Structures are given as structure tokens and as C-alpha cells.
Amino acid sequence: MNAGRWVLHLDMDAFFASAEQLTRPTLAGRPVLVGGLGPRAVVAGASYESRVFGVRSAMPMGQARRRCPHAVTVPPRFVLYQALSEQVMAVLAEAAPVLEPVSVDEAYLEPPALAGAAADAVERFARDLRAAVRAATGLPASVGAGSGKQLAKIASELAKPDGLRVVGPDEQEAVLAPLPVRALSGVGPVAEAGLHRLGVRTVGALAAMDLRELTGLLGTAVGTELHRLARGVDERPVAPRGAAKQVSAETTFDADLTAMRAVHEAVARITASAHRRLVGSGRAARTVTVKVRSADFTTHTRSETAAVASTDLGELTAVAQRLARAAVPEGGVRLIGVSLAGLGDDPPPALFAPPRSAPVAGEVPELPAVTDEPAPDADRPWRPGDDVRHAAHGHGWVQGAGHGRVTVRFETRSTGPGRARTFPADDPALTRADPLGSLT
Ligand SMILES: [Mg+2]
């Protein structure tokens with residue numbers, strides 16, 4: 001065991017929603033949902049004010065809006081989140097040369113200065129880090145620290161929101177033991193169900209299992225790794241930026257595939273194979289890429305990135321099949337490859353899900369409802385959430401549009417809550433604006 005090792009996990013709090021609240025100050029302190037409004041849309045981000053109503057990331061948007069009907073729903077602005085993410089990672093890179101970004105809003109650090117340090121020195125370091133991120137971006141972040149990545153990640157979840165938790169070596173067993181087995185990286189729904197069948201529900205119970213019984217259930221590699229993680233033994237390195245972060249599988253067919261049904265079946269098999277490696281590494285994927293090589297050796301590639309990382313085989317397979325359909329050439333398929341990338345750790349364990357019961361809403365000032373209907377004027381299709389600029393009023397965002405009119409709230413990060421004004425949808429003083437204009 002690597003005595004005296006300290007790994008930190010920094011996780012931005014409700015990152016997408018916090019970014020919206022930062023740059024659109026009217027939304028600060030309110031329930032905010034980030035995501036689309038279509039029938040298949042899911043929540044890409046939810047502010048803490050909405051989470052108390054039982055809303056969480058990746059939930060169908062319709063369900064989220066039923067649980068929290070007074071929430072403001074805005075479409076995601078990935079350009080803005082990416083810009084803020086770069087600011088966060090720059091702060092972290094300055095603090096620790098050994099840095100492993102996991103996703104736009106999450107990273108592991110292993111500061112060399114903390115090797116062998118006492119818990120209170122780690123606490124000071126983490127407090128300064130949170131303050132530096134807040135100063136650079138205006139956004140809250142939680143930090144967890146422990147003897148390895150798993151404990152650091154669990155600690156940051158325990159610290160949320162806007163908190164700090166250092167799990168020292170003497171308390172790590174007490175912190176791990178009561179957690180559900182799902183809290184460990186690499187325990188997906190299948191492994192969880194298998195463990196439950198054996199009556200193993202907590203990390204403590206898993207740690208107490210006979211290793212042979214565990215490897216019999218989950219295989220040697222996964223079983224051995226989980227047994228170690230459950231006992232707080234986690235020597236996985238913090239891998240510096242740029243490390244390979246994708247798993248893939250591909251098959252060359254004995255005879256070219258010509259029927260779409262055969263292509264679909266092959267894609268399902270190949271995705272399942274890549275998925276086994278994904279789950280084995282304790283991660284989730286955001287980007288699915290499908291490569292199709294035709295009988296004449298031309299290669300076509302299609303890729304799709306989701307707002308939220310997934311470990312769901314059915315979901316990833318459906319995306320891969322859709323991509324394959326678009327990539328399949330005429331005249332037969334010689335090879336298909338599927339890769340899963342943009343890997344993040346598993347979604348947060350159920351333990352950390354917000355309570356289901358909906359508390360009574362407090363005093364929430366009225367905001368105009370976000371309308372779903374398309375603007376009638378095809379030349380000026382303002383949609384709620386669009387960034388706009390008005391010649392006289394400056395930068396703002398569309399709160400509602402329809403019936404030939406558009407309501408814009410004029411505000412940016414530095415203005416404080418702004419005023420809403422309504423214009424004819426074809427007002428020539430109103431133009432589309434760069435979302436980054438809201439950061440000023
Ligand atoms: Mg986060």
C-alpha cells in the first residue's frame with residue numbers, strides 16, 4: 001500500500017445550471033433545468049434549487065418538469081460550459097502538475113506537495129483550491145480527498161454542495177462500509193443485481209466477502225479490483241491529461257453484410273463487447289463512434305456526443321445502430337467498429353440522489369414561462385434561451401417567443417438581475433449574439 005498518498009477529486013456543483021445562474025443573474029437562487037424540451041429530452045443539468053424537488057441529471061425532462069413545474073428550463077450552451085471548464089482546468093493545472101480531467105467539470109489531482117502530508121495540510125490545500133476556482137470562474141466546486149481516486153470521489157460527493165471533505169486513513173473504513181455497493185467504480189446494474197442476490201448490499205459486506213466467491217460472480221479482473229476498492233486499497237494512478245480514454249471493438253466479416261438487419265445485429269454485438277471493457281474500467285461514455293468499411297475499402301465514420309455520460313448498454317447500442325444506419329454504404333459492409341469515448345466515472349451512486357419527497361415551494365418570484373412553440377416568423381426564429389444583442393440595451397437572452405413577439409431579459413455575469421423587455425420578433429435592433437458575451 002502506498003502510505004501517505006493523497007488524491008483530490010474536484011467536482012463543480014451542478015455545473016451547467018451554475019453556469020446559467022452565473023451568466024443570467026435572474027436565475028440565481030432559482031430552480032433551473034438545462035436541457036431540451038422535445039419528447040425524448042433528458043435533464044443535462046439541474047440547479048440545487050430544483051434537486052430538492054427530486055429532479056436529477058439524466059431524468060426525462062417531462063418528469064423533471066412535473067416534479068418542479070416552476071423551474072426555468074433553458075437549452076444547454078456547451079460553448080459557455082467549455083469556456084468555463086477551460087478556466088477551471090487552468091486553475092487546477094497551476095495547483096497540481098499531476099492532473100486527470102475526467103469530464104468538463106471534474107478532475108483528479110495528486111499534488112506532489114501533499115505526499116505524506118497530514119490531514120490538516122490537505123484540508124488547507126483543498127480550501128485554497130476551492131477559493132481559487134471560485135475567484136477565477138465565480139462558480140462553486142466541491143473537493144474530496146482520500147488515499148486513492150475512489151475515496152476522493154466518494155469524499156467529494158459527501159462534500160456537496162460547495163463543500164470540502166478529507167477522509168483520513170483512520171476513518172476510511174467507517175466511511176466506505178455503509179455505502180451501497182453501487183458507490184464503487186465498476187459496479188453497474190448487472191454486478192449490483194448479482195451482489196444483491198447474494199445478500200451483499202453494502203461496501204462493507206463486499207469487503208468481507210470471500211475473494212473466490214466474488215471473482216466467481218464477476219470474473220477475476222473485476223472481482224479482484226472491487227475487493228480491493230471495497231477495502232480502501234486503490235492504487236490506480238492519477239493519469240495526466242492526454243491519456244488514452246476510449247474503448248473500442250471491431251469485427252471484419254467473413255462475408256460482406258448486405259442486409260440492414262445483419263448490420264444492426266453486428267453493431268449490437270460489437271457495442272456489447274466495447275461496453276464490457278467500459279464497465280470493466282469503471283467508467284461511462286459520452287461519445288459513440290461507429291466506423292464502417294465498405295466492400296471496396298472506403299471507410300465511413302459517424303460520431304455522436306451526448307450531454308450526459310452513460311453506462312447503459314441499450315442506450316449506447318441504440319446510438320451506435322442509428323449512426324451505423326447513416327454510415328452504411330451501398331454494396332456491402334466489410335468491417336464495423338464501435339468506440340466509446342469521453343469517458344467519465346460512473347454516474348453518482350443512488351446514495352447521493354436527492355430525496356424523492358417534494359418540499360413545499362418557498363417564495364419564488366414569477367418568471368415568464370418558457371414557451372415551447374416555434375416563432376411564427378421563419379426569418380426570426382427566436383427560441384427561449386437564445387443569446388441576443390440589442391442595439392440600445394446590450395446583451396440578453398430570450399425568455400419567451402411567439403405570436404410575432406419576443407421577450408428578452410438584458411443581463412450578463414456582471415450586471416446583476418436585468419430587466420425584461422418585449423419587442424416585435426422582427427425588430428431590426430435585435431441580433432443573435434455569442435453566448436460567451438454573457439460571461440462579461
Ligand atoms: Mg459535477
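Each ligand, and each atom within it, is numbered from 1 in the order the structure gives. Please read these numbers as outputs of a predicted model, since none were measured by experiment.
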Return the name of the atom in Asp105, of element N, O or S, nearest to the Mg ion (ligand 1).
OD2
When Thr23 is tested against each of Arg77, Arg413, Glu411 for side-chain hydrogen bond (donor to acceptor under 3.5 Å, both in side chains), which residue passes?
Arg77
Metal check, the Mg ion (ligand 1) vs Met12 N/O/S, cut-off below 2.8 Å:
yes
Residue pair Leu99 / Pro101: nearest heavy atoms and the distance that separates them:
O-CD, 3.6 Å
side-chain hydrogen bond (donor to acceptor under 3.5 Å, both in side chains) partner of Lys149, chosen from His9, Glu100, Glu235:
Glu100
Could you tell me how the ring of His393 sits relative to the ring of His390: parallel (under 30°), tilted (30 to 60°) or perpendicular (over 60°)?
tilted
Please name the atom of Asp11, restricted to N, O or S, that is closest to the Mg ion (ligand 1).
OD1
